[in-house]
Amino acid sequence: MLKFGALVLCGGKSKRIGKNKAYLLKNNESFISIIVNRLLEIFEEVILAVDETQKYAQIISNGLKVVEDKKNYFGPIEGLRQGLRVTHKQYLFVCGCDMPNIKKDCIEELANYVDNSYDCVIPLIESPQVLHGFYSKSLYKKIESGNYFSIKGLLSDVKVKYVSKFNCNIKESVININTKEDYAKLLGGANG
């Protein structure tokens, strides 16, 4: 197991797809179940950042920590803030609840780049994949005291290690499902 923790961001409004993406199915299993089970194979601590705890009551188990957004409409930066606030780990791997293809080997490979000289370690695949990276607990105070409205805004102000070469299938691992078209494509090519 990695010495870091993991944070799954579940507070989005899912406006483009019209339903809670955490409960979309792949191979008859919800995205959130796939993601949490995969992360529990890798990390001792897994945290869910949610907009409303009761929406996720059916999956809150296995000793998962749950944090609820305190500031509405701040998006992923609020979930990150809450996760960093409660973690006991020095770094959190952060992903979205709409990423059912995350790969254990890609997460472990990315973890090899984590050290105290960087605040974040993020894949750079055409663009920065901010919801498939490691974030230092030290960023909590910066987010709390700063005027950040997005993770990308935060990244412009901290030390980031961008990783662009991987031995794993990183392009598949970073896929997130935002639209009905994305979901149809996933199901058409679903291979777990």
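We number each residue from 1, following the sequence as shown.
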Can you tell me how far the CD atom of Q129 sits from the OG atom of S173, to the nearest 0.5 Å?
10.0 Å

Test item: E109 side-chain N/O and N167 main-chain N/O as donor-acceptor pair under 3.5 Å:
yes

Verify, without hydrogens or angle tests, whether N20 (side chain) and A22 (backbone) share a donor-acceptor contact under 3.5 angstrom.
yes

In this structure, CG of L48 is separated from CD of E68 (nearest 0.5 Å) by 12.0 Å

In this structure, CD1 of I122 is separated from CD1 of I151 (nearest 0.5 Å) by 8.0 Å

Over all heavy atoms of both residues, which pair between C168 and D105 is shortest? Give the atoms and the distance, please.
CB-OD2, 3.4 Å

Could you walk me through whether N176 and K21 pass the side chain to side chain donor-acceptor pair (under 3.5 Å) check?
CA-CA 10 Å; N176 64 334; K21 293 189 286 185; over 6 Å; no

With clusters defined by side-chain heavy atoms of hydrophobic residues (ILVMFWY) lying less than 4.5 Å apart, directly or transitively, does I42 cluster with I34?
no

Are Q90 and N116 packed together at the side-chain level, in the sense that at least one heavy-atom pair is separated by less than 4.5 angstrom?
yes

OH/Y118 to NZ/K159 distance, rounded to the nearest 0.5 angstrom?
8.5 Å

Considering only heavy atoms from C-beta outward, does the side chain of C95 approach that of L39 to under 4.5 Å?
yes

Does the side chain of I125 reach to within under 4.5 Å of the side chain of F166, using non-hydrogen atoms?
yes

Is there a side-chain contact between K152 and V130, using heavy atoms and a 4.5 Å cut-off?
yes

Minimum heavy-atom distance between P76 and L131, given as atom pair plus value:
CB-CD2, 4.5 Å

Residue that, paired with T87, satisfies side-chain hydrogen bond (donor to acceptor under 3.5 Å, both in side chains) out of Q82, K65, E45, K137
E45

Between Y140 and R81, is a side chain to side chain contact (heavy atoms under 4.5 Å, CB included) present by the stated rule, with each step listed?
CA-CA 6 Å; Y140 172 73; R81 182 177 79 94; 3.7 Å; yes

Test your reading of the model: is there a side-chain donor-acceptor pair from R38 to the backbone of I102, 3.5 Å cut-off?
yes

Is D119 close to Y135 at the side-chain level, that is, under 4.5 Å between some pair of heavy atoms?
no

Minimum heavy-atom separation for N37 to E29, with atom names?
ND2-OE2, 3.4 Å

Roughly how far, to the nearest 0.5 Å, is NZ of K185 from CD1 of I177?
9.0 Å

Enclosure of E41 CD (heavy-atom neighbours >12, cutoff 6.0 Å)
yes

Is there a disulfide between C10 and C97 in this structure (defined here as SG atoms under 2.5 Å apart)?
no

If you round to the nearest 0.5 Å, how far is OH of Y148 from CG of L80?
12.0 Å

For S150 and I77 the tightest heavy-atom approach is O-CD1, 3.6 Å

Passes side chain to side chain contact (heavy atoms under 4.5 Å, CB included), V158 versus C120? Steps please.
CA-CA 8 Å; V158 300; C120 308; 4.1 Å; yes

Would K89 and E44 count as a salt bridge (Lys or Arg N to Asp or Glu O under 4.0 Å) here? Give the steps.
CA-CA 10 Å; K89 302 295 183 179; E44 295 173 0; 2.9 Å; yes

Hey, mind stepping through L9 and V94 against side chain to side chain contact (heavy atoms under 4.5 Å, CB included) and telling me if it holds?
CA-CA 7 Å; L9 300 175; V94 177; 3.7 Å; yes

With side chains defined as the heavy atoms from C-beta onward, is the minimum distance between L110 and H132 less than 4.5 Å?
yes

Can you find a heavy atom in the side chain of L186 that is under 4.5 Å from one in the side chain of N101?
yes

Could you give me the CA-CA distance, side-chain angles and deciding distance for V67 and V50, then say whether side chain to side chain contact (heavy atoms under 4.5 Å, CB included) is met?
CA-CA 6 Å; V67 292; V50 303; over 6 Å; no

Any non-hydrogen side-chain atom of V163 less than 4.5 Å from a side-chain atom of L124?
no

Out of F93, Y91, Y162, which residue meets the ring pair (Phe, Tyr, Trp, His ring centres under 6.0 Å) rule with F134?
F93

Report whether F4 and V121 are members of the same hydrophobic cluster (ILVMFWY, side-chain heavy atoms less than 4.5 Å apart, transitive linking).
yes

Can you say whether the rings of F31 and Y183 are parallel (under 30°), tilted (30 to 60°) or perpendicular (over 60°)?
perpendicular

Tightest non-hydrogen contact, residues V174 and M99, listed as O-CE, 3.5 Å

